[in-house]
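Structure, as structure tokens:
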Amino acid sequence: STTPASYLLPYLIADFRQRYPDVVVTTENGNTAEIVAALGSLDIALLEGPPGQELPLGTRVTAWREDEIVAIVPSDHPLAAAGQGQTLQALGNYPLVLRESGSGVRQLVERAFARCGVAMRVGLEIAGVEGVKEAVRAGMGVGFVSAMSIRHEDGALRQLRIAPEPLTRRFSILMPHAATPSRVAARFFQLCAEQ
């Protein structure tokens with residue numbers, strides 16, 4: 001899905017290509033729901049969080065890496081000066097920029113706001129991580145993204161950890177044909193597990 005495809009997969013494929021230079025890797029990306037729907041035609045999938053839907057028979061799910069979801073604001077936003085940790089109550093006072101329906105980040109954020117009993121003021125719904133970041137830069141509201149997606153930012157955006165408890169999720173690796181994976185898929189899975 002989107003976050004692993006953009007921020008982890010390029011490094012994994014580069015490492016894989018060094019080990020197996022004759023293998024051609026083809027990728028597809030989309031939000032979590034789209035990737036789960038496409039499992040029947042995939043060898044392996046890297047997802048944000050649990051799949052959350054019925055999976056094709058024979059699919060193995062392996063918990064993989066932990067990821068933190070952070071709020072982002074423009075560097076001149078009032079919350080940027082207020083400090084690193086912000087509660088959902090404080091963030092809920094501003095319009096929110098959310099990913100599209102079916103996004104793993106959006107699902108996690110919606111559940112967190114519901115648990116805290118804080119109403120969400122959706123200012124904009126937009127597809128993709130880069131769309132969220134650009135909308136936040138444009139002053140549309142507070143966005144939520146994976147911390148790894150802003151590790152190379154130029155300072156225009158400020159990352160705010162969610163307090164008192166950070167929002168985290170676990171990436172999963174799905175093997176749709178777990179009983180009989182291709183050798184390439186099995187080796188790619190092994191490389192992911194080593195990372």
Side-chain angles (χ1 to χ4, degrees), residues 1-11 27-37 45-53 64-172:
S1 50
T2 308
T3 301
S6 298
Y7 305 104
L8 295 173
L9 197 56
Y11 299 99
T27 65
E28 292 182 32
N29 75 350
N31 67 37
T32 300
E34 292 166 342
I35 297 304
V36 169
L46 308 177
L47 286 187
E48 307 164 9
Q53 300 179 29
W64 185 35
R65 298 175 74 150
E66 194 166 274
D67 182 40
E68 182 176 0
I69 303 305
V70 295
I72 55 171
V73 294
S75 58
D76 61 352
H77 192 279
L79 289 177
Q84 175 67 328
Q86 293 294 326
T87 65
L88 292 175
Q89 289 81 3
L91 296 169
N93 289 325
Y94 295 90
L96 304 178
V97 177
L98 298 179
R99 289 272 311 273
E100 76 284 359
S101 184
S103 156
V105 169
R106 181 176 180 146
Q107 292 169 11
L108 184 69
V109 168
E110 287 175 338
R111 285 193 302 265
F113 271 87
R115 271 194 314 273
C116 292
V118 177
M120 297 176 69
R121 293 177 41 209
V122 180
L124 179 67
E125 181 179 299
I126 192 165
V129 176
E130 292 305 315
V132 169
K133 289 171 19 179
E134 290 301 318
V136 169
R137 278 189 193 95
M140 295 293 300
V142 175
F144 295 90
V145 296
S146 166
M148 72 178 68
S149 74
I150 60 167
R151 63 183 174 210
H152 301 298
E153 283 298 318
D154 59 5
L157 296 176
R158 186 64 137 301
Q159 166 182 311
L160 305 172
R161 295 188 82 195
I162 309 301
E165 195 174 304
L167 285 184
T168 59
R169 64 183 174 173
R170 185 159 296 279
F171 291 150
S172 301

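Note that this is a predicted model, so its numbers are computed, not measured.
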Taking [Y]'s backbone N and O only, do any of them form a donor-acceptor pair with [X]'s side chain (distance below 3.5 Å, no angle check)?
X: E68; Y: P166; result: no
X: K133; Y: L157; result: no
X: E100; Y: G128; result: yes

Quick check: closest heavy atoms across [X] and [Y], and the distance to 0.1 Å?
X: T32; Y: G104; result: OG1-N, 3.7 Å
X: D67; Y: A147; result: OD1-N, 4.3 Å
X: G92; Y: V118; result: CA-CG1, 4.3 Å
X: M140; Y: G123; result: CE-O, 4.3 Å
X: Q89; Y: N93; result: O-ND2, 3.5 Å
X: S75; Y: G155; result: CB-O, 3.4 Å

| field | Crowding at CZ, R161 (>12 non-hydrogen neighbours, <6.0 Å) | value | no
| task | Answer yes or no: are there more than 12 heavy-atom neighbours, outside E28 itself, under 6.0 Å from its atom CD? | result |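 It does not: E28 CD has 12 such atoms or fewer within range.
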| query | Which of these passes side-chain contact (heavy atoms from CB on, under 4.5 Å) with I150: V136, I72, V129? | reply | I72
| query | Taking atom CG of N31 and atom OG of S1, what is their separation to the nearest 0.5 Å? | reply | 8.0 Å
| said: By the salt bridge (charged side-chain N to carboxylate O under 4.0 Å, His left out) test, which pairs, at least two apart or in different chains, include something from residues 115-125? | reply: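 Checked against salt bridge (charged side-chain N to carboxylate O under 4.0 Å, His left out) - neighbours excluded - the pairs reaching residues 115-125 are R106-E125.
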| task | Mind telling me whether F144 and F113 have parallel, tilted or perpendicular rings, with 30° and 60° as the class edges? | result |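 Rings of F113 and F144: perpendicular, as their planes differ by over 60°.
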